Amino acid sequence: MPTVLALETSCDETAAAVVRDRTVLSSIVASQIDLHRPYGGVVPEMASRAHVENMGTVMATALTQAGVTWDDIDGVAATCAPGLVGALMVGLTAAKTLAMVRRKPFLGVHHLEGHIYASYLTDPGLNPPFLCLLVSGGHTSLIHVKGCGDYAVLGKTRDDAAGEAFDKVARLMGLGYPGGPIIDQLAATGDATVFPLPEGNISLPEGGFHPYDSSFSGLKTAVLRLVQSLQAQGIDPLPVADLAASFQATVARSLTKRTLRCALDYGLTTVVVGGGVAANSGLRHHLTTAATAAGVKVLFPPLKYCTDNAAMIGCAAADHLHHGHISAFSLSAQSRLGLEAVMGLYG
Ligand code: KG4
Ligand code: ZN
């Protein structure tokens with residue numbers, strides 16, 4: 001049961017955690033949301049600088065709270081891809097330095113593999129194969145999880161990620177940033193049947209629609225046109241709660257349909273959800289209801305493990321270390337990397 005110190009700096013959270021196998025001994029997250037809010041999105045250069053400022057404290061707190069010494073740590077890990085390169089480099093360089101100085105194995109971890117591993121923290125008895133619906137600010141994927149480092153991406157978005165769609169729709173409705181939690185809260189008081197919106201199907205050249213791929217840019221444009229038309233009719237204030245509820249229900253329906261179809265086609269009886277949008281109450285409700293009816297088990301991690309954190313990175317690293325997978329010190333940060341290439345990070 002390896003114990004790992006893990007760092008995560010791929011976007012706008014500076015995070016450190018100590019994880020033993022599938023148990024979190026400590027998990028510290030310093031969010032930069034307030035720093036980026038005035039800009040309506042993450043400013044990469046500011047994110048890197050803030051990671052440098054926060055990393056020392058975050059890491060020291062994680063070690064203290066875990067109550068471990070360096071003798072207890074079997075490896076040091078950091079997210080190395082995908083993400084903002086300047087931001088990734090902060091955690092990666094810190095992890096490499098510590099591993100060198102303390103003479104411990106170093107592991108680079110794929111950020112999306114971390115989101116998958118959040119489910120093992122939630123249910124330590126979980127075992128592959130299962131389907132993971134990964135819905136974050138940068139990704140929307142349906143992943144067949146076959147084992148440690150063994151993944152097949154069966155479905156993806158053709159344009160915007162689900163979280164990106166929430167953020168863009170919130171912006172065009174004049175709401176704040178990040179949009180997901182704001183829309184989620186507003187949707188609770190709105191009527192989802194007021195504005196019918198398009199789900200965004202991907203047409204296939206041979207006819208019909210792709211069963212697992214999604215598209216959210218058409219939905220975003222439909223909301224934009226709707227808002228413009230309501231404004232042209234002089235409707236003020238905008239019915240933001242009904243708009244939010246209609247948009248959220250459309251996203252939730254679209255993701256639920258594709259996820260269940262994929263799970264049933266591949267004979268997978270467990271679906272786990274990862275990424276920031278897994279926090280969405282509409283998605284939780286739709287997917288849980290439909291999956292229960294179809295006899296499929298669904299697992300949603302608690303909120304703290306849905307959004308970016310280092311505990312999920314530590315859990316993935318502990319499993320790789322257990323399998324003898326170790327990264328070279330020459331491993332670099334990469335802005336893009338497919339999940340199928342995860343094993344290229346080791347050996
Ligand atoms: O996984 P995450 O923390 O960072 C990435 O790796 O992208 O996801 C952030 C995304 C943002 O787009 C945010 O708006 C969205 O997750 N999000 C939500 C909710 N909470 C966060 N989207 C919908 N409903 C929520 N409750
Ligand atoms: Zn993430």
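Just follow the structure's listing: the first ligand is 1, and inside any ligand the first atom is 1. Numbers here are sequence positions counted from 1. Remember, predicted model here, so these are calculated numbers, not experimental data.
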Closest protein heavy atom (residue, atom, distance) for [atom]:
atom                    : value
atom 26 (N) of ligand 1 : Asp184 OD2, 2.9 Å
atom 3 (O) of ligand 1  : Asp308 N, 3.2 Å
atom 22 (N) of ligand 1 : Gly180 CA, 3.3 Å
atom 11 (C) of ligand 1 : Asp167 OD2, 3.6 Å
atom 10 (C) of ligand 1 : Gly137 N, 3.5 Å
atom 24 (N) of ligand 1 : Asn280 ND2, 3.0 Å
atom 21 (C) of ligand 1 : Gly276 O, 3.5 Å

At less than 4.0 angstrom from any non-hydrogen atom of [X], what atoms of ligand 1 do you find?
X      : value
Gly163 : 12 (O)
Thr307 : 3 (O)
Gly138 : 7 (O)

Pairwise distance CG(Leu186) to CE(Met173) - rounded to 0.5 angstrom: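 Those atoms lie 7.0 Å apart.
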
Reported CG-to-OG distance for the pair Asp159 and Ser214, which is rounded to 0.5 angstrom: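 So the CG of Asp159 and the OG of Ser214 are separated by 8.0 Å.
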
Evaluation steps, salt bridge (charged side-chain N to carboxylate O under 4.0 Å, His left out), between Lys220 and Glu164: CA-CA 10 Å; Lys220 176 197 64 194; Glu164 193 180 355; over 6 Å; no

N, O or S from His111 under 2.8 Å to the Zn ion (ligand 2):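 Short answer: yes, at least one N, O or S atom is under the cut-off.
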
N/O/S atom of His115 inside 2.8 Å of the Zn ion (ligand 2), strictly under: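 So His115 does bind the Zn ion (ligand 2) by this criterion.
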
Between [X] (side chain only) and [Y] (backbone N and O only), is there a donor and an acceptor less than 3.5 Å apart?
X      : Y      : answer
Asp150 : Lys146 : no
Arg22  : Pro124 : yes
Thr140 : Lys156 : no

Within reach of ligand 1, part of His111 (heavy-atom separation under 4.0 Å):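 The side chain, only.
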
Which segment of His115 sits under 4.0 Å of ligand 1 when only heavy atoms are counted: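 It is the side chain that gets close, since no backbone atom is under 4.0 Å.
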
Between [X] and [Y]: side-chain donor-acceptor atoms closer than 3.5 Å:
X      : Y      : value
Thr23  : Asp21  : no
Ser229 : Gln231 : no
Ser281 : Asp184 : yes
Asn201 : Arg258 : yes

Of the N, O or S atoms in Asp308, the one nearest the Zn ion (ligand 2): OD1

Under 3.5 Å: N/O of Pro178 near N/O of ligand 1: no

Ligand 1 contacted by Gly275 (non-hydrogen, < 4.0 Å): yes

is_close_aromatic(His320, Tyr346), centroid dist under 6.0 Å: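 Ring-ring flag for His320/Tyr346: true, centres closer than 6.0 Å.
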
